[in-house]
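The block underneath contains the structure these notes are about, expressed in structure tokens.
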Amino acid sequence: MDSLKDFVKVLEEENELKRVAVEVDANLEISEILRRTMYEKGPAILFENVKGYDMPVLGNAFGSMKRLELGLGMSDFTEIGERIASMTKMDMPSGIIGQIKSIPQLKKMTGSFPKPKKSGPVQDVVEDEPSFAKLPILKTWPKDAGRFITLGLVATRHPETGTRNLGVYRMQILDDTHALMHWQKHKRGAHHGDIAGERGESMPAAIIIGGDPATVFAGIAPVPEGLDKYLFSGITRKSGIETIPCKTIDLDVPAHAEIILEGYVDPADVRPEGPFGDHTGYYTPPEPYPVFTLTGVTHRKNPIYLTTIVGKPILEDAYIGKVIERSFLPLMQMFHPEIIDFAMPPSGWFQGLGIISIRKRYPGQAKKVMMGLWGTGQLSLTKIFVVVDSDIDVHDINDVIWAITTRADAARDTVIINNTPTDNLDPASPLVNLGSKMGIDATQKTALEGFNRPIQEQVIPDEETARMVDSRWADYKL
């Protein structure tokens with residue numbers, strides 16, 4: 001699937017999209033409609049008549065697992081992580097025969113790389129006077145500081161290594177050509193900006209609006225450090241994306257996107273950003289962030305403005321978070337092979353709580369897994385980890401609560417770590433970006449861990465009786 005328009009067509013064919021023809025307002029009204037639809041697990045919506053604009057708005061495009069399966073072309077999202085894992089394990093065999101045998105694997109890998117082109121549909125129209133004013137950018141909540149771009153993929157390039165990154169950072173519109181770039185301290189875009197700032201340079205950046213589903217997912221996903229996000233998009237969709245050079249800055253962007261906003265971030269020009277009603281369910285207060293200056297706008301003919309709405313869970317971002325959870329499980333298992341499964345409940349906004357089941361073999365192993373995950377990428381920002389045994393279903397919160405209350409002792413099995421990195425948006429941390437972690441070891445303890453009582457036997461049905469009841473179930477007429 002090469003474009004957002006391809007995705008819209010598929011959604012419509014599958015009855016996953018509704019069109020709204022009546023006039024709607026980008027100021028609060030569209031957001032209120034989308035929120036109600038998302039909470040009710042409703043369809044994607046294409047608003048065709050937005051007051052004051054000649055561009056339609058698409059929302060809730062990824063607001064169900066079915067829509068993500070359609071967009072990414074798979075039903076088992078662990079495939080994504082398995083593809084990355086297989087690439088990292090691949091060694092070049094010695095000898096001519098071995099190299100010939102490896103050609104299919106090499107083709108699969110090289111087929112995922114970006115495909116540079118000279119031009120593409122996203123540059124069908126080049127605006128003479130670049131301006132945010134022509135875009136139906138939404139105001140989401142009544143106390144937001146203004147209009148915010150919420151699903152723009154911000155493309156940057158590491159100033160030293162050249163590795164390309166895509167990140168989703170909200171952008172508050174200041175005027176026709178300036179916006180604030182909310183890239184949090186722990187994000188790669190901010191790191192690129194810091195390096196540029198240390199050099200006394202501005203940071204070229206392009207905002208991609210309306211990419212194909214795999215590229216949108218790549219922008220959101222916390223991929224391993226050093227992995228090019230365009231390559232990750234190709235790995236996800238099993239074919240490399242076509243890229244073209246921007247008109248006013250030295251960056252390349254997806255050729256089949258809907259809209260490209262070209263410009264640069266000045267690390268020295270920092271202004272208050274926010275408040276904004278975010279995915280924690282709270283307004284984040286004003287904080288200083290750098291200014292993005294718009295230098296060029298290109299787009300398709302008749303482009304679609306893709307957006308999303310955030311707020312108290314569970315909304316559209318929960319489904320994307322679930323795909324990230326599934327797709328990165330194989331990578332977690334590469335470094336921690338004892339991990340059986342992993343879940344981040346959407347009500348915990350995918351950064352507040354992680355639940356891990358392990359095949360436990362030695363004392364203290366649950367704490368070893370916690371520490372390892374807290375030292376891994378964006379998982380370092382997770383507030384609470386709960387580790388359970390392999391017989392517990394991490395996706396069944398009742399099963400997890402049962403494990404916590406029957407296998408964990410509060411004093412013995414709770415780990416508190418102070419002064420650790422926290423998510424910038426965490427409304428509970430005592431300081432912005434700095435707080436504490438809690439780990440709960442809800443695995444069964446053994447004598448080697450100081451558990452001197454006999455382990456109580458679980459109650460389970462008699463197998464013969466269970467089989468007999470199974471065979472007679474229809475007779476009971478229940």
Side-chain angles (χ1 to χ4, degrees), residues 1-27 29-31 33-34 37-38 42-64 67-68 70-72 120-127 130-140 147-155 166 168 171 173 206-220 233 237 241-242 244 253-262 297-309 316-317 320:
M1 193 173 297
D2 289 327
S3 70
L4 183 66
K5 284 187 169 63
D6 291 341
F7 186 41
V8 168
K9 182 179 179 182
V10 170
L11 292 180
E12 202 148 32
E13 289 170 351
E14 295 289 331
N15 295 317
E16 288 287 323
L17 179 136
K18 298 291 184 184
R19 294 174 180 264
V20 173
V22 298
E23 185 180 76
V24 291
D25 200 326
N27 181 31
E29 184 181 4
I30 290 178
S31 300
I33 296 167
L34 285 173
T37 303
M38 291 174 186
I45 301 178
L46 187 64
F47 298 95
E48 299 178 308
N49 185 3
V50 182
K51 183 179 179 181
Y53 300 94
D54 59 3
M55 190 180 298
V57 171
L58 176 64
N60 202 26
F62 306 104
S64 75
R67 294 202 279 280
L68 282 158
L70 292 169
L72 299 178
V122 76
Q123 291 178 348
D124 282 348
V125 178
V126 180
E127 295 287 351
S131 173
F132 292 119
K134 295 181 180 180
L135 301 178
I137 302 168
L138 307 188
K139 183 176 181 180
T140 304
R147 300 184 300 144
F148 284 80
I149 297 173
T150 56
L151 198 50
L153 311 181
V154 180
L166 294 174
V168 176
M171 296 177 65
I173 305 303
I207 291 79
I208 302 152
I209 295 177
D212 68 278
T215 303
V216 173
F217 174 68
I220 299 170
S233 172
R237 47 182 266 160
I241 62 169
E242 294 184 355
I244 56 174
V253 292
H256 296 273
E258 296 292 308
I259 305 162
I260 302 294
L261 308 174
E262 303 176 4
V297 176
T298 69
H299 58 80
R300 284 172 169 264
K301 296 172 183 174
N302 304 314
I304 297 172
Y305 181 80
L306 178 66
T307 191
T308 191
I309 302 303
E316 180 181 13
D317 55 338
I320 300 172

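We number each residue from 1, following the sequence as shown. The structure presented is a predicted model; accordingly, all values stated were derived computationally and were not measured.
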Q.
Between Leu46 and Val20, is the side chain to side chain contact (heavy atoms under 4.5 Å, CB included) condition met? List the steps.
A. CA-CA 6 Å; Leu46 187 64; Val20 173; over 6 Å; no

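- With Ile304 as the fixed residue, the side chain to side chain contact (heavy atoms under 4.5 Å, CB included) test singles out one of Leu58, Ile259, Ile209, Val57: Leu58.
- Residues Leu72 and Arg237 have side chains not in contact (no heavy-atom distance under 4.5 Å, counting atoms from C-beta outward).
- A heavy-atom distance below 4.5 Å is found between the side chains of Val125 and Glu127.
- Here Glu16 contributes atom CD and Ile45 contributes atom CD1; the two are 12.5 Å apart, rounded to the nearest 0.5 Å.
- No hydrogens or angles considered: nothing links the side chains of Gln123 and Thr298 as a donor-acceptor pair under 3.5 Å.
- Smallest separation of non-hydrogen atoms from Lys18 and Pro43: CG-CG, 3.4 Å.
- Here the closest non-hydrogen pair linking Ser31 and Leu138 is OG-CD1, 3.8 Å.
- In this structure, the side chains of Val50 and Ile30 come closer than 4.5 Å at one or more pairs of heavy atoms.
- The salt bridge (Lys or Arg N to Asp or Glu O under 4.0 Å) test applied to Arg300 returns Glu258, not counting sequence neighbours.
- For the atom pair CG of Leu70 and CG of Asp6, the computed distance is 13.0 Å after rounding to the nearest 0.5 Å.
- Partners of Asp25 by salt bridge (Lys or Arg N to Asp or Glu O under 4.0 Å), not counting sequence neighbours: none found.
- Between Asp54 and Lys134 there is no salt bridge, since no side-chain N of the basic residue sits under 4.0 Å from a carboxylate O of the acidic one.
- Atom CG in Leu261 sits 10.0 Å away from atom NE2 in His299 (nearest 0.5 Å).
- The two residues Ala44 and Leu11 make their nearest non-hydrogen contact at CB-CD1, 4.1 Å.
- In this structure, the ring of Phe62 has its center less than 6.0 angstrom from the ring center of Phe7.
- Counting only distance, with no hydrogens or angles, the side chain of Arg19 and the backbone of Phe47 share no donor-acceptor pair below 3.5 Å.
- Listed here is the closest heavy atom pair of Val297 and Ser131: CG2-N, 4.0 Å.
- Two residues are said to be in side-chain contact when any heavy atoms from C-beta on lie closer than 4.5 Å; Val216 and Leu4 fail this criterion.
- Remark: side-chain polar atoms of Asn60 are paired, donor with acceptor, to backbone N or O of Gly42 under 3.5 angstrom.
- Environment of CG in Asn302: sparse, with no more than 12 heavy atoms of neighbouring residues, nucleotides or ligands closer than 6.0 Å.
- Across Thr215 and Pro254, no two heavy atoms sit closer than the pair CG2-CG, 4.2 Å.
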Q. Given His256 and Asp212, is the side chain to side chain contact (heavy atoms under 4.5 Å, CB included) satisfied, shown in steps?
A. CA-CA 8 Å; His256 296 273; Asp212 68 278; over 6 Å; no

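- With hydrogens and angles ignored, the 3.5 Å screen pairs a side-chain donor or acceptor of Arg67 with a backbone N or O of Gly63.
- To the nearest 0.5 angstrom, Ile244 atom CD1 is 9.5 Å from Glu242 atom CD.
- The distance from the CG atom of Leu151 to the OG1 atom of Thr308 is 6.0 Å, given to the nearest 0.5 Å.
- A heavy-atom distance below 4.5 Å is found between the side chains of Met171 and Ile207.
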**Q.** Ile33 vs Val24, side chain to side chain contact (heavy atoms under 4.5 Å, CB included): CA-CA, chis, key distance, verdict
**A.** CA-CA 10 Å; Ile33 296 167; Val24 291; 4.0 Å; yes

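- Using a cutoff of 4.0 Å between basic side-chain nitrogens and carboxylate oxygens, Lys51 and Glu29 are not scored as salt-bridged.
- Taking each heavy atom of Arg147 and Ile137 in turn, the nearest pair found is CD-O, 3.2 Å.
- The structure places CG of Leu68 at 8.0 Å from CD of Glu316, a figure rounded to the nearest 0.5 Å.
- A side-chain donor from one of Thr307 and Thr150 sits under 3.5 Å from a side-chain acceptor of the other.
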